[in-house]
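The structure under discussion appears below in the form of structure tokens.
Chain naming here is simple, since letters A, B, ... match the order of the sequence lines and numbering starts at 1 in each. Only heavy atoms go into these numbers, but all of them, side chains included; no hydrogens, no water, no symmetry mates. Being a predicted model, the structure only gives us computed values, none of them experimental.
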Number of protein chains: 2
Amino acid sequence: MHVQASAKIELPSYLPHQSPAPVFEGPTTPVSFFPAGAEIYAQGEKAGALYQVEFGAVRIYRLLADGRRQISAFHLAGETFGFEADATHHFFAEAISATGVRVFRTPCGMDMSRQLLPLALRGLTRAQEHLLVLGRQNAIERVAAFLVEMSERQGGLQQVELPMSRNDIGDYLGLTIETVSRVFTRLKEKCVIRLLSLRSIEILKRDTLLAMAE
Amino acid sequence: MHVQASAKIELPSYLPHQSPAPVFEGPTTPVSFFPAGAEIYAQGEKAGALYQVEFGAVRIYRLLADGRRQISAFHLAGETFGFEADATHHFFAEAISATGVRVFRTPCGMDMSRQLLPLALRGLTRAQEHLLVLGRQNAIERVAAFLVEMSERQGGLQQVELPMSRNDIGDYLGLTIETVSRVFTRLKEKCVIRLLSLRSIEILKRDTLLAMAE
DNA sequence: CGTATATTTGAGGGTAATCAACCTATGTGG
DNA sequence: CCACATAGGTTGATTACCCTCAAATATACG
């Protein structure tokens with residue numbers, strides 16, 4: 001549900017000047033269904049296909065030998081994921097909730113660069129911005145940044161749906177679930193947010209939240 | 001000095017099957033020189049050009065309002081940087097030491113997707129792997145991972161040149177310079193590394209270092 | 001050789017992790 | 001409909017790691 005501003009977005013000259021939100025054409029691929037927690041692909045597997053979220057949500061993550069997990073990205077409805085620099089997946093992809101995914105197996109020899117580059121660049125920017133959060137922000141700032149990000153990705157509405165668990169949020173922000181929970185409590189106490197349910201929050205003071213996220 | 005394995009690298013079908021290390025053709029652009037610390041571009045500036053490091057090294061970073069800095073990437077000789085998802089730079093780029101940079105202003109209308117996608121994907125993978133370091137690894141693991149990364153990017157040799165200061169390393173790893181310095185000392189005490197000079201280390205126990213980096 | 005900068009080392013404190021207990025939703029079967 | 005089980009979430013006490021502040025040492029440079 002990525003709201004694309006209707007205003008023209010200026011692009012660097014090396015990008016193709018066409019539809020900014022590429023839609024993959026060709027014979028309509030059937031939508032694969034993944035129940036909550038199901039693996040879409042695993043690290044080390046052969047890569048090649050592209051995936052577009054139809055509904056639900058996906059987490060992309062990596063594991064350390066001792067089980068520590070870092071979620072590098074969440075993908076919501078409409079977003080594309082699965083591209084890799086070589087023929088091997090370097091990350092795991094799992095359905096967070098019941099999720100429908102359209103799988104595109106690009107025919108060999110077909111060049112998808114024009115469609116993929118903008119997506120790859122957006123992913124790169126997002127990852128680099130996330131580096132700032134993980135490297136230099138404290139717990140409150142991280143959670144605030146996360147809530148702002150999720151809100152903006154859902155159209156900037158007051159009410160934000162969080163399809164992922166506190167555990168997922170922690171592993172995305174480099175925090176433990178206890179710390180995430182404590183920060184949520186503090187934000188509630190300060191009346192910055194309100195919990196409609198466990199997975200649904202309302203932003204009461206957007207400005208404060210933005211200031212917290214720096 | 002990125003050593004490209006001569007063995008064929010398998011690529012996903014959506015990537016163009018041609019030279020894996022794209023070289024930009026056309027009229028040879030002159031090399032711009034930047035002394036140590038000079039700004040190559042700033043956040044908020046208009047983007048559009050591409051940059052290839054001829055010699056020296058470059059840091060890409062972002063700042064928080066209070067001055068905290070996160071370096072998202074270092075670029076060494078031979079590497080390309082500067083591409084953005086839209087017409088604005090989201091990061092700063094500075095020369096670390098005396099640096100030569102070839103600037104490519106792609107003619108308007110020209111589509112560089114085929115050449116850029118592999119670079120963007122490699123950058124994306126690198127950024128995502130760095131997220132794991134910042135989100136889930138402790139100080140020793142971070143420094144070990146950094147040294148391994150720098151070693152591999154310089155051909156896997158024992159001797160590794162570190163063109164950047166401790167400050168830069170800290171801002172890349174999400175640590176303070178004091179912590180970086182202390183970890184270096186500990187690694188020296190354990191005879192895992194040896195300092196040939198401040199900016200040049202020798203890896204004595206690669207296996208131990210790899211194990212530390214997980 | 002002297003100054004400025006970078007790095008190392010030391011002492012103390014704060015933030016978030018860890019360990020542990022409790023609470024709350026959700027779902028199942030009686 | 002309620003009792004219960006279970007997973008997910010919250011709260012509390014303590015600890016550990018890294019940051020901050022401060023000083024000493026090493027290195028680079030005019």
Only residue of B:Phe81, B:Phe83, B:Phe34 satisfying ring pair (Phe, Tyr, Trp, His ring centres under 6.0 Å) with B:Tyr51 is B:Phe81

What are the two closest non-hydrogen atoms of A:Ala127 and B:Leu124, and how far apart are they? CB-CD1, 4.3 Å

Using atom [atom1] of [X] as one end and atom [atom2] of [N] as the other, report the distance to the nearest whole Å.
X        : N      : atom1 : atom2 : result
B:Arg136 : C:dA16 : CZ    : C1'   : 11 Å
A:Ile169 : D:dG8  : CD1   : P     : 14 Å
A:Arg166 : C:dA25 : CZ    : C1'   : 12 Å
A:Asp171 : C:dA17 : CG    : P     : 11 Å

Determine the contact category for A:Gly174: base if any of its heavy atoms lies under 4.0 Å from a base atom, sugar-phosphate if only primed atoms, P, OP1 or OP2 are that close, otherwise nothing. sugar-phosphate

By the 4.0 Å heavy-atom rule, please label B:Ser165 as base, sugar-phosphate, or nothing. sugar-phosphate

Please tell me which of A:Leu175 and B:Glu178 maps to the more 5' nucleotide of DNA chain C, matching each residue to the nucleotide holding its nearest heavy atom. B:Glu178

Between B:Phe91 and B:Tyr61, is the gap from one ring center to the other below 6.0 Å? no

Would you say the ring centers of A:Tyr172 and A:Phe74 fall short of 6.0 Å from each other? yes

Would one find a side-chain N or O of B:Thr176 under 4.0 angstrom from OP1 or OP2 of D:dC18? no

Modelled atom types, side-chain donor and acceptor of B:Thr179 and B:Thr176, under 3.5 Å: yes

CD of B:Glu161 to CZ of B:Arg199, rounded to nearest 0.5 Å, is 11.0 Å

Tell me which residues in residues 181-201 of chain B lie within less than 4.0 Å of DNA chain D, going by non-hydrogen atoms. B:Arg182, B:Leu198

